[in-house]
Participant: 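Attaching a single structure in structure tokens format; questions to follow.
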Amino acid sequence: MADIHIEEFYKDSAIALTQLYNAFPRRATLFVEDIAGPDEPDEFGLHSRRHMACFGALLWLEEEGFMRYVDTIRQEAFDQAVLTREAFSRLSSPAPDHLVQQLSGQDSPSDTSLPPSVQEDLSSHIHIMRSALRSRHSRRIREAVRATLFTREA
């Protein structure tokens with residue numbers, strides 16, 4: 001059985017990267033609550049473990065060079081966040097055919113009846129990430145994030 005905090009990391013990363021891709025090249029504010037869900041700080045003003053895990057995932061994305069931001073708004077948001085060149089390039093690049101079939105449920109990613117630009121869009125890493133998020137299936141989300149963030153393509 002997978003560690004739940006790792007599954008949450010994959011989901012948080014996928015949501016954040018998708019939000020930033022959708023706004024690219026504009027800078028956007030990433031709110032932790034929009035990614036991890038509502039949070040009510042305790043009587044001392046401390047956020048929940050879940051909220052802080054999401055905040056940590058966003059910090060990790062920045063530290064590993066997938067996003068930049070100007071400042072944090074307390075521990076609630078990242079102000080003026082944007083994808084790095086490396087992240088945009090990875091998200092826009094084609095994913096391996098077997099992965100596209102497995103994660104987006106397409107019969108054939110290279111359907112010749114579709115225009116080449118549509119074929120390219122449907123085989124991108126961002127497409128498989130969006131499909132995985134729509135499915136709400138943790139294995140699909142995990143595989144899409146792993147393929148995008150941790151696999152070096154030749």
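Quantities reported herein were computed from a predicted structural model and do not represent experimental measurements.
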Participant: Would Val32 and Arg74 satisfy side-chain contact (heavy atoms from CB on, under 4.5 Å), going step by step from the backbone distance to the final call?
Facilitator: CA-CA 11 Å; Val32 176; Arg74 296 180 298 280; over 6 Å; no

Participant: Nearest 0.5 Å, what's the CD1-CD distance between Ile35 and Glu8?
Facilitator: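 Separation between the atoms: 13.0 Å.
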
Participant: Check the side chains of Ser131 and Arg134 for a donor-acceptor pair under 3.5 angstrom, ignoring hydrogens and angles.
Facilitator: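 The criterion, which ignores hydrogens and geometry beyond distance, is satisfied for Ser131 and Arg134.
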
Participant: If I compare all heavy atoms of Tyr21 with all of Ile126, which pair ends up nearest, and what's the gap?
Facilitator: CD2-CG1, 3.6 Å

Participant: For the atom pair CD (Glu40) and NE2 (His47), what is the distance rounded to the nearest 0.5 Å?
Facilitator: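 Rounded to the nearest 0.5 Å, the CD-NE2 separation comes to 10.0 Å.
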
Participant: Is any side-chain heavy atom of Asp12 closer than 4.5 Å to a side-chain heavy atom of Arg50?
Facilitator: yes

Participant: First locate atom CE of Met129, then atom OG of Ser13, and finally report the distance between them rounded to the nearest 0.5 Å.
Facilitator: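 With rounding to 0.5 Å, CE (Met129) is 8.0 Å from OG (Ser13).
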
Participant: For Ala95 and Ile128, work out which heavy atoms get closest and say how close.
Facilitator: CB-CD1, 4.0 Å

Participant: Can a salt bridge be assigned to the pair Arg146 and Glu143 using a cut-off of 4.0 Å between side-chain N and carboxylate O?
Facilitator: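 Glu143 and Arg146: salt-bridged.
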
Participant: Give a yes or no on whether the backbone of His5 and the side-chain of Asp3 come within a donor-acceptor separation of less than 3.5 Å.
Facilitator: no

Participant: Sub-3.5 Å donor-acceptor pair from the side chain of Ser89 to the main-chain atoms of Glu86, do we have one?
Facilitator: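 No; zero donor-acceptor contacts below 3.5 Å.
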
Participant: For the residue pair Phe150 and Tyr10, does the interplanar ring angle fall in the parallel (under 30°), tilted (30 to 60°) or perpendicular (over 60°) class?
Facilitator: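 The rings of Phe150 and Tyr10 stand perpendicular, inter-plane angle above 60°.
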
Participant: Taking Thr84 for its side chain and Gly65 for its backbone only, find out whether a donor-acceptor pair lies under 3.5 Å.
Facilitator: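 At least one qualifying donor-acceptor pair exists.
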
Participant: So how far is it from Leu61 CG to Leu20 CG, rounded to the nearest 0.5 Å?
Facilitator: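 Spacing of CG (Leu61) from CG (Leu20) equals 8.5 Å.
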
Participant: In this structure, would Phe55 and Leu46 fall into the same cluster of hydrophobic residues linked by side-chain contacts under 4.5 Å?
Facilitator: no

Participant: Looking at Asp39, is its backbone amide N or carbonyl O close enough to the side chain of Glu33 to form a donor-acceptor pair, meaning the two atoms are under 3.5 Å apart?
Facilitator: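 Yes: the side chain of Glu33 pairs with the backbone of Asp39.
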
Participant: Which distance, rounded to the nearest 0.5 Å, do you find between the CG of Leu59 and the CD of Glu64?
Facilitator: 11.5 Å

Participant: Compare every heavy atom of Val70 with every heavy atom of Arg27, then report the nearest pair and how far apart it is.
Facilitator: NH1-CG2, 4.0 Å

Participant: So which atom in Val82 and which in Arg26 form the shortest heavy-atom distance, rounded to 0.1 Å?
Facilitator: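 For Val82 and Arg26, the tightest heavy-atom pair comes out as CG2-O, 4.0 Å.
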
Participant: Looking at Glu63, I'd like to know if its CD atom is crowded, meaning that more than 12 non-hydrogen atoms belonging to other residues, nucleotides or ligands lie closer than 6.0 Å.
Facilitator: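 Buried by this count: over 12 neighbours within 6.0 Å.
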
Participant: List the steps, then state whether side-chain contact (heavy atoms from CB on, under 4.5 Å) holds for Met67 with Tyr69.
Facilitator: CA-CA 7 Å; Met67 69 177 239; Tyr69 62 92; 3.9 Å; yes

Participant: Return the CG to CD distance between Leu30 and Glu76, rounded to the nearest 0.5 Å.
Facilitator: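 Leu30 atom CG to Glu76 atom CD measures 14.0 Å (nearest 0.5 Å).
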
Participant: With the threshold set at 4.0 Å, does a side-chain nitrogen-carboxylate oxygen contact exist between Glu7 and Arg142?
Facilitator: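 Result for this pair is yes, salt bridge flagged.
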
Participant: Counting the benzene-type ring for Trp, do Phe78 and Phe31 have ring centres under 6.0 Å apart?
Facilitator: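 No.
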
Participant: Output yes when a side-chain donor or acceptor of Ser135 lies under 3.5 Å from a complementary backbone atom of Ala132, and no otherwise.
Facilitator: yes

Participant: What are the two closest non-hydrogen atoms of Ala16 and Leu58, and how far apart are they?
Facilitator: CB-CD2, 3.3 Å

Participant: Within the distance-only criterion (no hydrogens, no angle test), does the side chain of Thr18 pair as donor or acceptor with the backbone N or O of Ala14 below 3.5 angstrom?
Facilitator: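 Here the side-chain-to-backbone pair exists.
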
Participant: Taking Thr72 for its side chain and Gln75 for its backbone only, find out whether a donor-acceptor pair lies under 3.5 Å.
Facilitator: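 The answer is no, because no donor-acceptor pair under 3.5 Å joins these two groups.
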
